[in-house]
Amino acid sequence: QVQLVESGGGSVQPGGSLRLSCTASGGTFSNLVIAWFRQAPGKEREFLSYNSGSGTTWYGSSARDRFLIYRDAAKSMVYLRMDNLKPEDTALYYCAAKEGLGRVEAGEYANWGQGTQVTVSS
């Protein structure tokens, strides 16, 4: 069973940046696809990006121009760098893990962290 812990959330002004971290344990990190999702109150969970052990990355439309995903295999961590944050980025951000190919559907991921809150407000 893979355990995931997110960190790095917080409150930031519009235009600011944050780096979220996802620490994985309990699995073979190189076999894992790690994805980031977010969920705002009253909205469905939204795919942001995934990164595989082979280096494949993919971004959803909300993340493509302002977010960057990357991993540190030595630390079993995946990061999501978010720049030029907007109030509509306010949400609970989750990382999720699966083996095999990367997917954008939340239902494809069996392992989830507890989430880290990001609030963008002036």
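The shown structure was predicted, so the numbers you read here are calculated from the model rather than taken from an experiment.
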Distance-only donor-acceptor hits, side chain of residues 8-34, under 3.5 Å, sequence neighbours excluded:
residue, atom, partner, partner atom, Å
Ser17, OG, Asp83, OD1, 2.8
Arg19, NH1, Tyr70, OH, 3.3

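- Residue Glu108 holds its CD atom at 12.0 Å from CZ of Phe47, rounded to the nearest 0.5 Å.
- Checking side-chain atoms of Glu6 against main-chain N and O of Thr116 turns up no donor-acceptor pair under 3.5 Å.
- Within the structure, the side-chain hydrogen bond (donor to acceptor under 3.5 Å, both in side chains) test picks out the following pairs touching residues 92-101 (sequence neighbours left out): Arg38-Tyr93.
- Taking the side chain as every heavy atom from C-beta outward, Tyr59 and Thr57 approach each other to under 4.5 Å.
- Shown here for Ser62 and Leu48, the closest heavy-atom pair between the two residues is CB-CD2, 4.4 Å.
- Once rounded to the nearest 0.5 Å, the distance linking SG of Cys95 with CG of Asn51 reads 12.0 Å.
- Under a hydrophobic-cluster definition in which Ile, Leu, Val, Met, Phe, Trp and Tyr are linked whenever side-chain heavy atoms come within less than 4.5 Å, directly or via other members, Phe67 and Leu92 are assigned to different clusters.
- When the side-chain contact (heavy atoms from CB on, under 4.5 Å) test is applied to Lys86, the partners found at least two apart in sequence or on another chain are Arg66, Asn84, Glu88, Asp89.
- A single hydrophobic cluster is seen to contain both Val78 and Leu80, as judged by linkage of ILVMFWY side chains at heavy-atom distances under 4.5 Å, directly or through other members.
- Remark: Tyr109 engages Phe37 in a ring-ring contact (aromatic ring centres under 6.0 Å, His included) (not counting sequence neighbours).
- Hydrophobic clustering places Leu68 together with Val120 (ILVMFWY residues linked when any side-chain heavy atoms are closer than 4.5 Å, directly or through intermediates).
- Here the CD1-CZ distance, from Ile69 to Arg81, works out to 14.5 Å after rounding to the nearest 0.5 Å.
- Other residues, nucleotides and ligands contribute more than 12 heavy atoms inside 6.0 Å of the CH2 atom of Trp112.
- Atom CD of Glu105 is surrounded by more than 12 heavy atoms from other residues, nucleotides or ligands within 6.0 Å.
- Although no hydrogens or angles enter the test, the distance criterion places no donor-acceptor pair under 3.5 Å between the side chain of Gln117 and the main chain of Gly115.
- Remark: Ala40 engages Lys43, Ala91 in a side-chain contact (heavy atoms from CB on, under 4.5 Å) (not counting sequence neighbours).
- Between the side chains of Ser52 and Ser54, at least one donor N or O sits under 3.5 Å from an acceptor N or O.
- Closest non-hydrogen pair, Val2 versus Asn111, comes out as O-OD1, 3.5 Å.
- Clustering of Ile, Leu, Val, Met, Phe, Trp and Tyr side chains at separations under 4.5 Å leaves Leu101 isolated, with no partner residue.
- Between Arg64 atom CZ and Trp58 atom CH2 the span is 6.0 Å, to the nearest 0.5 Å.
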